[in-house]
Novice: 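Here's a structure for you.
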Amino acid sequence: MNRLQASYRIRASAAEIDARARALAIEQSVEMPPTAITEQRIHDEVVARVEDIAADGPGHFRVTLGIAMETTGGEAGQLLNMLFGNCSLQEEVSLVDVDLPEAALRAFGGPSHGTGGLRALCGATARPLTCSALKPQGSSPAALAALAGTLAAAGIDFIKDD
């Protein structure tokens, strides 16, 4: 099964952690009551699984979920949504670790250039890199072009367009 392992730290009592972990698994994967899911394949392959629950300090537990990579759609933005999702609105829950399966690491690939490549592109091998964004939003193309020219003339390494 192609699942990522996401670990969350949850503030809960020992009496409630099993139910809290199961609720988190559902929320982070299908976001609906499992009884409303009619396809067995979704129960078997898509609904996240509680892989482990371990004490993690007084009143806290570390819960590891196995989340189907299928839910990410192979997109980095959706991966972040699956990891944080609605649990980011729950102050008692924190994402603490993610372990991606090898196939996901290959699919996402990482940055095209990395820090070394960026330094080589702009010739900044022994100094901090500089970056600025073109702002404010809503400016005319001419105003943004003038600002970009000023930033480039000032020696800014990278100019991000918003």
Novice: Can a donor-acceptor pair be found between the side chains of T71 and S29 at a distance below 3.5 Å?
Specialist: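 Distance-only check fails for T71 and S29.
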Novice: Could you list all the salt bridge (Lys or Arg N to Asp or Glu O under 4.0 Å) pairs where at least one residue sits in residues 99-120, not counting sequence neighbours?
Specialist: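 Listed once each, the pairs would be none.
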Novice: Could you tell me if the side chain of I67 sits less than 4.5 Å from the side chain of Q28, heavy atoms only?
Specialist: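 When only atoms from C-beta onward are counted, I67 and Q28 do touch, with a gap below 4.5 Å.
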Novice: SG/C131 to CD1/I156 distance, rounded to the nearest 0.5 angstrom?
Specialist: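 Spacing of SG (C131) from CD1 (I156) equals 8.0 Å.
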Novice: Does a donor on one side chain sit under 3.5 Å from an acceptor on the other, for Q90 and R11?
Specialist: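 There is no such pair (donor and acceptor under 3.5 Å, judged by atom type) between the side chains of Q90 and R11.
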Novice: Measuring from S132:OG to K160:NZ, what's the distance to the nearest 0.5 Å?
Specialist: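 Here the rounded value is 10.0 Å.
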Novice: With salt bridge (charged side-chain N to carboxylate O under 4.0 Å, His left out) as the criterion, how do R41 and E45 come out once you've worked through the C-alpha distance, each side chain's angles and the decisive distance to 0.1 Å?
Specialist: CA-CA 6 Å; R41 182 193 75 78; E45 299 175 18; 3.3 Å; yes
Novice: Would you check if the side chain of T150 reaches a backbone N or O of A146 as a donor-acceptor pair within less than 3.5 Å?
Specialist: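 It does hold such a pair.
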Novice: Is the side chain of Q78 donor-acceptor paired with the backbone N or O of E75 at a distance under 3.5 Å, no angle test?
Specialist: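 Flag not set: sc Q78 to bb E75 has no pair under 3.5 Å.
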Novice: Output, in order, the C-alpha distance, side-chain angles, deciding distance and verdict of side chain to side chain contact (heavy atoms under 4.5 Å, CB included) for I26 and E31.
Specialist: CA-CA 6 Å; I26 291 164; E31 296 185 274; over 6 Å; no
Novice: With a 4.5 Å cut-off on side-chain heavy atoms, are V47 and P34 touching?
Specialist: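 Answer no - side chains too far apart.
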Novice: Report yes or no: do L79 and L24 belong to one cluster of Ile/Leu/Val/Met/Phe/Trp/Tyr joined by side chain heavy-atom distances under 4.5 Å?
Specialist: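 Yes: a chain of side-chain contacts under 4.5 Å links L79 to L24.
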Novice: Search all heavy atoms of V50 against all heavy atoms of A25 and return the closest pair with its distance.
Specialist: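 Closest heavy-atom pair between V50 and A25: CG2-CB, 4.1 Å.
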Novice: Of all heavy-atom pairs between I37 and H43, which one has the smallest distance, and what is that distance?
Specialist: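 Minimum heavy-atom contact is O-NE2, 3.0 Å.
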Novice: Should P101 and R3 count as side-chain neighbours, where that means a heavy-atom distance under 4.5 Å?
Specialist: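 Not in contact.
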Novice: Quick one: does T64's side chain have a donor or acceptor within less than 3.5 Å of a partner on E51's backbone?
Specialist: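 Between the backbone of E51 and the side chain of T64 there is no qualifying donor-acceptor contact (under 3.5 Å).
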Novice: Counting heavy atoms not belonging to E91, are there more than 12 under 6.0 Å from its CD?
Specialist: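 Count not over threshold, so no.
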Novice: Any donor-acceptor pair under 3.5 Å linking the side chain of D157 with the backbone of T130?
Specialist: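 Pair found, side chain donor or acceptor close to backbone of T130.
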Novice: With a 3.5 Å distance limit and no angle check, can you tell me whether T72 reaches the backbone of G74 through a side-chain donor-acceptor pair?
Specialist: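 Yes; at least one donor-acceptor contact below 3.5 Å.
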Novice: Measure the spacing between CG of N81 and OG of S88 and express it to the nearest 0.5 Å.
Specialist: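 Interatomic distance, N81 CG to S88 OG, rounded to 0.5 Å: 8.5 Å.
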Novice: Looking only at atom types and distance, does a side-chain atom of H60 sit under 3.5 Å from a main-chain N or O of P58, one as donor and one as acceptor?
Specialist: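 Yes.
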Novice: With a 4.5 Å cut-off on side-chain heavy-atom distances among I, L, V, M, F, W and Y, is there a chain of contacts connecting I53 to L95?
Specialist: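 I53 and L95: one cluster.
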Novice: Take a 6.0 Å sphere around CZ of F84 and say whether it holds more than 12 heavy atoms from other residues, nucleotides or ligands.
Specialist: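 No, because the 6.0 Å sphere around CZ of F84 holds 12 heavy atoms or fewer from other groups.
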Novice: On a heavy-atom basis, which atom in I10 and which in R20 lie closest, and how many Å separate them?
Specialist: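 That would be CG2-CG, 3.8 Å.
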Novice: In this structure, would Y8 and I17 fall into the same cluster of hydrophobic residues linked by side-chain contacts under 4.5 Å?
Specialist: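 Cluster IDs for Y8 and I17 match.
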Novice: Between E70 and N2, do the side chains contain an N or O donor and an N or O acceptor separated by less than 3.5 Å?
Specialist: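 Judged by distance alone, the side chains do not pair up.
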Novice: If every non-hydrogen atom of I159 is compared with every non-hydrogen atom of A152, which pair is closest and at what distance?
Specialist: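 Taking I159 first and A152 second, the nearest heavy atoms are CD1-N, 3.8 Å.
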Novice: Going only through I, L, V, M, F, W and Y residues with side-chain contacts under 4.5 Å, is there a path from M69 to L65?
Specialist: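 Yes; L65 is reachable from M69 via cluster members.
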Novice: What's the spacing between D18 CG and F61 CZ if we round to 0.5 Å?
Specialist: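 Reported value, rounded in 0.5 Å steps: 8.5 Å.
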Novice: Any Lys/Arg nitrogen of E92 or R9 sitting under 4.0 Å from an Asp/Glu carboxylate oxygen of the other?
Specialist: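 Between R9 and E92 there is no salt bridge, as every charged N stays at least 4.0 Å from the carboxylate O atoms.
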Novice: Would a hydrophobic clustering, with Ile, Leu, Val, Met, Phe, Trp and Tyr connected at side-chain separations under 4.5 Å, put V46 with M32?
Specialist: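 Linked, V46 and M32 end up in one cluster.
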